[in-house]
Amino acid sequence: MPELPEVEIVKQSLKKAIKYKKIRKVIVKNRNLRFKLPKNFEKTLQNKIILNVTRISKYIVIKFKSDTYCIFHLGMSGTIHMVKKKINKITNLSFYQKKQLPNKHNHIRLFFSNFKIIYNDPRRFGFFKLFNNTNDLNLYFKNLGPEPFNKKFTFNYLVNKIKNKKKNIKNILLDQNIISGLGNIYVNEILFYSKIDPKKKGVELSKDEIHKIIKYSKLVLKLAIKFGGSSIRDFKSTEGKQGSFQKEFKIYSRNGENCYRNNCKGKIIKFFQTNRSTYMCEICQK
DNA sequence: CCGTTAACCTGAGAGC
DNA sequence: TGCTCTCAGGTTAACG
């Protein structure tokens, strides 16, 4: 499901819902996520008070006292739902546009005093991990590249990372160890804004093109967050609201349509790079 | 080290 | 209706 903007939206609404609240009970229905849920998962979380909810690239980090952490990743299809006890039946906490949550993929439930948080994930590419000190938490993320908003994400940083790469720029930007938080949609969008052919190799990029990538990674993510993320298929925030950035897509999923750029007569084509769909305008992306 | 591919899963939608 | 096929906001082990 989610790239950085969608995870950020989930984090914001989750934080609002659970910060300083106590987990009363944990029920797990299916431990077989991408990584098997740790045996002590329920016991570790039970009766813990949430001190903070933060985000590191596409991961959400829940902090408890004594430097204990629970992190999770939503994979492709993970969603978080909040269900309030009293209005259970009429809340718009739907999934796949249905009014009621299908129980089948509700793998984890966290019970609070007057609501519960549900983790639902049909494809089970998402996962949860526990850490009992800050050092282990940081070690887990040590190879992750900076997010586009990070101060470390500078021209010099990116030049050094890609100047010798023979890999195409699209896959370079999808590499979380080089730059973290981007996924297939936003990389397509960023390369369109930057007028760069996604097939172009890292080594072939000009200084100007690298400046553009930096500029537009920040811009596209900022816009996406402002619009509440992109809701295609199954993304919703914890309150069940849909994002609307999908209406702002310049290139993603616009196969066969006309290029939006002024005076460009190009048509948008679709092809695959490493099994992921790429969209580009053959005329203005060079 | 680098780059590429397959694999992990389920469900929606298209085409027949 | 129902079958088969393709595709999906991600990551990563295994290979050459």
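Letters A, B, ... mirror the listed sequences (proteins, then strands); counts begin at 1. For clarity, every value in this text was computed on a predicted model and none was experimentally measured.
- At a threshold of 4.0 Å, the pair A:Glu209-A:Lys200 counts as salt-bridged, since one of the basic side-chain nitrogens sits closer than that to a carboxylate oxygen.
- With respect to the salt-bridge test (charged N to carboxylate O, under 4.0 angstrom), the residues A:Glu8 and A:Arg55 qualify.
- Under the ring-ring contact (aromatic ring centres under 6.0 Å, His included) test applied with A:Phe131, the options A:Phe72, A:Phe141, A:Phe64, A:Tyr140 reduce to a single match, A:Tyr140.
- Atom CG of A:Asn164 is separated from atom C1' of B:dC1 by 12 Å (rounded to the nearest Å).
- Residue A:Asn184 is tested with A:Lys170, A:Gln273, A:Glu3 for a side chain to side chain donor-acceptor pair (under 3.5 Å); the sole match is A:Lys170.
- Between A:Arg109 and A:Glu42 no salt bridge is recorded (no basic side-chain N to carboxylate O distance below 4.0 Å).
- Scored by the side-chain hydrogen bond (donor to acceptor under 3.5 Å, both in side chains) test, A:Lys212 finds A:Asp208 as partners (sequence neighbours excluded).
- Aromatic ring orientation, A:His73 versus A:Tyr59: perpendicular (interplanar angle above 60°, classes split at 30° and 60°).
- As judged by a 4.0 angstrom heavy-atom cut-off over every strand, A:Lys270 is placed among residues touching the sugar-phosphate backbone only.
- Between the side chain of A:Arg123 and the base of B:dC9 there is at least one donor-acceptor pair of N/O atoms closer than 3.5 Å.
- For A:Lys104 and B:dG11, the shortest distance from a side-chain N or O to OP1 or OP2 is below 4.0 Å.
- Here the P atom of nucleotide C:dG10 and the CG atom of A:Leu33 are 18 Å apart, to the nearest Å.
- Protein atom NZ of A:Lys36 is 11 Å distant from nucleotide atom P of B:dC9, rounded to whole Å.
- The separation between A:Phe35 atom CZ and B:dA7 atom P is 18 Å, rounded to whole Å.
- If you check residues 166-179 of chain A against DNA chain B, the residues with a heavy atom closer than 4.0 Å are A:Lys166, A:Lys167, listed by number.
- Nearer the 5' end of DNA chain B, as judged by each residue's closest nucleotide, is the contact made by A:Lys165, out of A:Asn275 and A:Lys165.
- A straight line from CD of A:Gln273 to P of C:dG10 spans 14 Å, rounded to a whole angstrom.
- Residue A:Asn32 contributes atom CG, which lies 14 Å from atom P of B:dC8 at whole-angstrom precision.
- Taking atom CD of residue A:Glu3 and atom C1' of nucleotide C:dA8, one finds them 12 Å apart after rounding to whole Å.
- For B:dT10, the base has no donor-acceptor partner in the side chain of A:Arg124 [N/O atoms by modelled type, under 3.5 angstrom].
- Considering CD of A:Glu6 and CG of A:Leu74, their distance stands at 10.0 Å, rounded to 0.5 Å.
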Can you run through DNA chain B from 5' to 3' and write each base as (, ), [, ], | or . depending on how it pairs? Watson-Crick or G-U wobble, both distances under 3.5 Å.
-> .|||||||.|||||||

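- Base contact: A:Thr274 has a heavy atom under 4.0 Å from a base atom.
- With centres under 5.5 Å and a plane angle under 30° as the test, the ring of A:Phe125 is not stacked against the base of C:dT11.
- Picking from B:dC8, B:dG11, C:dA8 the nucleotide with the shortest atom distance to the side chain of A:His105 gives B:dG11.
- Relative to the ring axis of A:Phe192, A:Lys250 does not place its NZ or CZ within 45° and under 6.0 Å from the centre.
- Remark: A:Leu139 CG to A:Asn133 CG distance equals 8.5 Å, nearest 0.5 Å.
- In this structure, A:Phe272 reaches the sugar-phosphate backbone alone: every heavy-atom distance under 4.0 Å involves primed, P, OP1 or OP2 atoms, never a base.
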